[in-house]
Amino acid sequence: MRILLGLRVDQAGDGDAEGKFLHCPRPRRVQGDEEGAGILRLTGSTPTVDRHLTDRPPRAPAGLGIAPAESSRHGTAVASVERLGKRYGRRQAVDGVSFEVNEQEVVGLLGPNGSGKTTILRVITGYLRPSQGTVRIDGFDVVRDGHQARARIGYVPENAPLYGHMRVDEFLHFMGRLRGLRGGALRRGMESARARLALEPVGDAVIGRLSRGYRQRVSIAQAVLNEPKLLVLDEPTNGLDPRQVIELRGLLRTLARDSAVLVTSHVLAEMERVADRVAILLDGRLLTVHHLAGAKRGASLRVRARANQADEVAAALSGLAGIDSVTREQPDGDLAGWRVEVSEAGAAPQVAATLCLAGIASVETVETASDLEELFLRLTASRALQ
Ligand SMILES: Nc1ncnc2c1ncn2[C@@H]1O[C@H](COP(=O)(O)OP(=O)(O)OP(=O)(O)O)[C@@H](O)[C@H]1O
């Protein structure tokens, strides 16, 4: 994958105490799939990469809340899907799918359109009955003990409907009562949901006037009112802008401390940053469950500058951490070129930003596809040929 990074300084200014943000506009796609846009934080004259953007959130050691993939693999299963099948008439939409979602874990459900993701979520959440197999939530069978199972699930459907005329607190109160919460339990549920989703400042706001990011938080808040063991989200990043996607990513990791999270998304890069494991589906069948190790691979950048700026480029590069090697390329007319290898893909935007600030006009990052993208493309290649 090759991405052209164009950088422009954009004074965010709205209450950010640390300084400005440098927004990378949505990168122009050169080849392969697109990557998300970027934000670089500027403190003084030194750009530092905002961790939320370039890295998956740091994994706390086991026992500190966010469990790493390897330890969560051995955690307690909150959701157990066993040989699940679902037929719509003669169409077998889901066929023999088995996976688990463990405590403190984010599991991503990935697959091309029509591969059965939404159907699986609907069976798990009790909206559809399975044709074959079983689903248990915290030990309760979704068919035999449907009420008990549903009481342990929070569901955020795609484009979740909200009552736009209601105020946030009013809506949460209403949804809590629909769920059967009353008195102290309702109060505690609302307090906890507002705190987990950082909704305290907008409790009195009319939902219809909130930004899409806030409305998304309100729909997640209604799903966690009953402090569910399992939180299920269908395509939660749809329609969000890059900043809202970044916020949602952090939110999901935080929510996973108290509720196991099962989430679908079409955006592989997003899944790679937020999920501990991904289950990849094709035509209703589970192809693999892939553990995301969190290890980042390197990337390289191609830097172009006027030949008379060569010393400036060399000086700027020599002061940067994370660079493995710098190789001078053949000049092209009066343009000099360098190939810069960085040890972690996340360092590439920082290098690009520094060179932009030093007056270098053109920086191109050349990244290889991520592990997950490669795996997904390989496993679903048969579909692409149809
Ligand atoms: N109510 C239904 N009746 C008949 N067929 C259905 C029904 N719902 C889904 N299907 C079919 O079942 C298959 C799986 O659909 P599903 O919506 O679960 O896939 P998906 O992976 O969520 O797709 P998308 O990413 O497009 O939402 C598709 O072939 C779809 O056409």
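Every number for a ligand or one of its atoms is a count from 1 in the order of the listing. Here the structure is a predicted model, which means the values were calculated and not measured.
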Got the closest protein heavy atom to [atom], with its distance?
atom	result
atom 18 (O) of ligand 1	Thr119 OG1, 2.5 Å
atom 17 (O) of ligand 1	Thr118 CB, 3.8 Å
atom 23 (O) of ligand 1	Gly114 N, 2.8 Å
atom 9 (C) of ligand 1	Tyr88 CE1, 3.4 Å
atom 12 (O) of ligand 1	Ala93 CB, 3.3 Å

Electrostatic pair [X]:[Y] at N-O distance under 4.0 angstrom:
X	Y	value
Arg136	Asp141	no
Arg212	Asp241	no
Arg188	Glu227	no
Arg339	Glu341	yes
Glu329	Arg304	yes
Asp138	Arg152	yes
Asp95	Arg83	no

Flag [X] as yes when one of its N or O atoms lies below 3.5 Å from any N or O atom of ligand 1, and as no otherwise.
X	answer
Lys117	yes
Glu235	no
Gly116	yes

Looking only at heavy atoms, is any part of Glu158 under 4.0 Å from ligand 1, and if so is it the side chain, the backbone, or both, or is it neither?
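No part of Glu158 is near ligand 1 at this cut-off.
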
Going by the atom numbers of ligand 1, which of them fall below 4.0 Å from some non-hydrogen atom of Pro112?
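Result: 21 (O).
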
Any side-chain donor paired with an acceptor under 3.5 Å for Arg196 and Ser259?
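Arg196 vs Ser259: donor-acceptor pair found between side chains.
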
Min heavy-atom dist Gly89 to ligand 1 below 4.0 Å:
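No, Gly89 has no heavy atoms under 4.0 Å from ligand 1.
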
Ligand 1 contact by Ser115, heavy-atom criterion under 4.0 angstrom
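True for this residue.
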
Which residue from Arg90, Gln92, Arg91 reaches closest to atom 29 (O) of ligand 1 through any of its heavy atoms?
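Looking at heavy atoms only, the winner is Arg91.
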
Tyr127 side chain near Thr118 side chain, heavy-atom distance below 4.5 Å
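Not touching, per the 4.5 Å side-chain cut-off.
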
